[in-house]
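Take a look at the structure below.
So that the names make sense, note that chain A is the first sequence line, chain B the second, and so on, each numbered from 1.
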Number of protein chains: 2
Amino acid sequence: MTIITWQSVQAEALRRIRSREWPPGGQIPHEADLAEELGCSRGTVNRALRDLAEAGLLERRRKAGTRVPLNPVRKATLEIPIIRQDVEGRGQSYNYRLLSTREATPPPEICEKLSLKKPDAPMVHVLALHLADDAPFCLEDRWINLQVVPEIAQTDLTEISANEWLVQNAAFSAGSFAFGAMAAPEATAKWLDCPIGAPLFTLDRTTWAAALPITSVRLCYIPGYQMRAEI
Amino acid sequence: MTIITWQSVQAEALRRIRSREWPPGGQIPHEADLAEELGCSRGTVNRALRDLAEAGLLERRRKAGTRVPLNPVRKATLEIPIIRQDVEGRGQSYNYRLLSTREATPPPEICEKLSLKKPDAPMVHVLALHLADDAPFCLEDRWINLQVVPEIAQTDLTEISANEWLVQNAAFSAGSFAFGAMAAPEATAKWLDCPIGAPLFTLDRTTWAAALPITSVRLCYIPGYQMRAEI
DNA sequence: AGATTTAATATGTATGTACATAATAATCGA
DNA sequence: TCGATTATTATGTACATACATATTAAATCT
């Protein structure tokens, strides 16, 4: 006799969804019925189905029951590694070069990303290059809010990247990402050692501590870079 | 007196992580201790911390306990909507145009994506344009494995997009995504009504039913498109 | 001392029970 | 018949308990 775990219940539910034994749009049996049929407790079924619902493969509503959605919104889990780990995970050696730091008033588009009405105080602007096997890999263009992390002004960013420093030293509460593409401007092309106008994959990230914006960064990856995710 | 829920326990744990009350690299109290301190059962603490661990904000190991990782791998949940929903979610009207369908032998790079040694059978090749407010939005270049979904050959893809048909009619078991950027080739530029060489955000997706590859698709979005995710 | 076995321990999970919550269905009154 | 109220019901969650599992630390043996 095999033991029933919530994983095995989940696997069986997945099988029924994929085999269309539970067709799209259709209602599936109640937790209690499934528990009896599969020979386990309702808690176990609940755990299994709850996870599937979180993944978007089922829709659950109190009293209404559980159904297979007609148009599932697939949720992919994307692991956003620190660039060092991304590079080292590819079996390449990681290196980092600080290109410039300065204190300046952020331009309007950065203010907008940080939800600041107007630039009331200078921020730290960091330009840095991440290298894989000593070849350019990713150009980082970052603005850091001095009002939230004033210590950054005294930090030697030649030793540790702003990315890593912030991850290890700034309490954050929320963040948003946006992926896109852009044509390499002249300065970017120079640093990434690619033709001007080359299509670059970009990752914009803004990070918050409660209601205070900490940092906004744009990462420009070398031509050909791909970011992968599993479903 | 406020009631303790697993959400409130999770919020308190998050607060301690972010406030560095539980510093990076440090061990946090045992479930049993936390349960006593917060006035709830261990099950409730377990549920709260388990979810945080799944999100990458804690590391848990049996006997070793729970610690705050030094270099958290942030996991962003990306919702991959059907393009129709993406467009309609932006408040625009969705439209779809089938540009061409044909049966052909897939080129080597498609075979590779589908993990096929060599093309042993013809597949369906579909080219389609997704429109937002009747303007080009996204060009779809798809190959579909006839051996897995032969019904696609009899389907009228002018009415329903291959994307939607497959979501609703093909049982799938796994998939992988890759995001990137490319320069618009001449044909693509023509359909998307953008300059040749314009930087395009691309999404490659391959879908499987057990060990059988169902489809491989490349979506090319218009210049300026961004895909968003929250953390 | 070094290797192997054994004990201790923190998390992982299953169960039964009880009640909460949300949404639907049924009922009743005007 | 319509609208408001009241039951009903499926999922959501909390708890206590028990045991499983993985891992570490201690103990034991050679």
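For Ser41(A) and Arg61(A), each mapped to the nucleotide of DNA chain C holding its nearest heavy atom, the one lying further toward the 5' end belongs to Ser41(A). Comparing Arg62(B) and Ala64(A) by the nucleotide of DNA chain C that holds the closest heavy atom to each, the one mapping nearer the 5' end is Arg62(B).
Side-chain atoms of His30(A) lie closest to dA10(D) of the nucleotides dA10(D), dT15(C), dC15(D). Checking dT11(C), dT15(C), dA14(D) against every side-chain atom of Thr44(B), the shortest atom distance belongs to dA14(D). Of the candidate nucleotides dT13(D), dG12(D), dG12(C), dT13(D) has the atom nearest to the side chain of Trp6(B). Of the candidates dT11(D), dA25(C), dA22(D), dA25(C) carries the atom nearest the Lys63(A) side chain, counting heavy atoms from C-beta on. Closest to the side chain of Arg60(B), out of dT8(D), dT11(C), dA14(C), is dT11(C).
Here Lys113(A) contributes atom NZ and Arg218(A) contributes atom CZ; the two are 5.0 Å apart, rounded to the nearest 0.5 Å. Arg142(A) contributes atom CZ, which lies 8.0 Å from atom CD1 of Ile152(A) (distance to the nearest 0.5 angstrom). A distance of 15.0 Å separates OH of Tyr96(B) from CZ of Phe137(B), quoted to the nearest 0.5 Å.
Residue Gln7(B) is in sugar-phosphate contact alone, with no base atom involved, counting any heavy-atom pair closer than 4.0 Å across all strands shown. Nucleic acid contact class of Gly65(B) (heavy atoms, under 4.0 Å, all strands): sugar-phosphate only.
A donor N or O paired with an acceptor N or O is found under 3.5 Å between the base of dT13(C) and the side-chain atoms of Arg42(B). At a cut-off of 3.5 angstrom, counting only N and O atoms as typed in the model, there is no donor on one side facing an acceptor on the other between the side-chain of Arg47(B) and the base of dG12(C).
Ring-plane geometry between His130(B) and Tyr94(B) is classed as tilted, the angle between the planes lying from 30 to 60 degrees on a 0 to 90 degree scale.
What separates CG of Leu49(A) from P of dA14(C) is a distance of 13 Å, to the nearest Å. Look at CG on Leu38(B): it is 11 Å from P on dC15(D), rounded to the nearest Å. In this structure, Leu58(B) places its CG atom 11 Å from P of dT11(C), rounding to the nearest Å. Going from atom CD of Glu36(B) over to atom P of dA14(D) covers 19 Å, rounded to whole Å. For the pair Glu59(B) CD and dT11(C) C1', the interatomic distance rounds to 14 Å; values are reported in whole Å. Rounded to an integer number of Å, the gap from Glu31(B) CD to dT21(D) C1' is 14 Å. In this structure, Gln10(A) atom CD and dT13(C) atom C1' are separated by 14 Å, rounded to whole Å. Distance CG (Leu34(A)) to C1' (dT11(D)): 13 Å, rounded to an integer number of Å.
OP1 or OP2 of dT11(D) lies within a sub-4.0 Å distance of a side-chain N or O belonging to Thr66(A). Taking 4.0 angstrom as the limit, Asn46(B) places a side-chain polar atom (N or O) nearer than this to OP1 or OP2 of dG12(C).
Salt-bridge check for Glu31(A) with Arg42(A): passed, with a basic side-chain N closer than 4.0 Å to an acidic carboxylate O.
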Go through it in stages, so that I can follow the logic: the residues are Glu59(A) and Arg50(A), the test is salt bridge (charged side-chain N to carboxylate O under 4.0 Å, His left out), and I'd like the CA-CA distance, side-chain angles, deciding distance and then a yes or no.
CA-CA 9 Å; Glu59(A) 271 176 6; Arg50(A) 190 215 305 149; over 6 Å; no
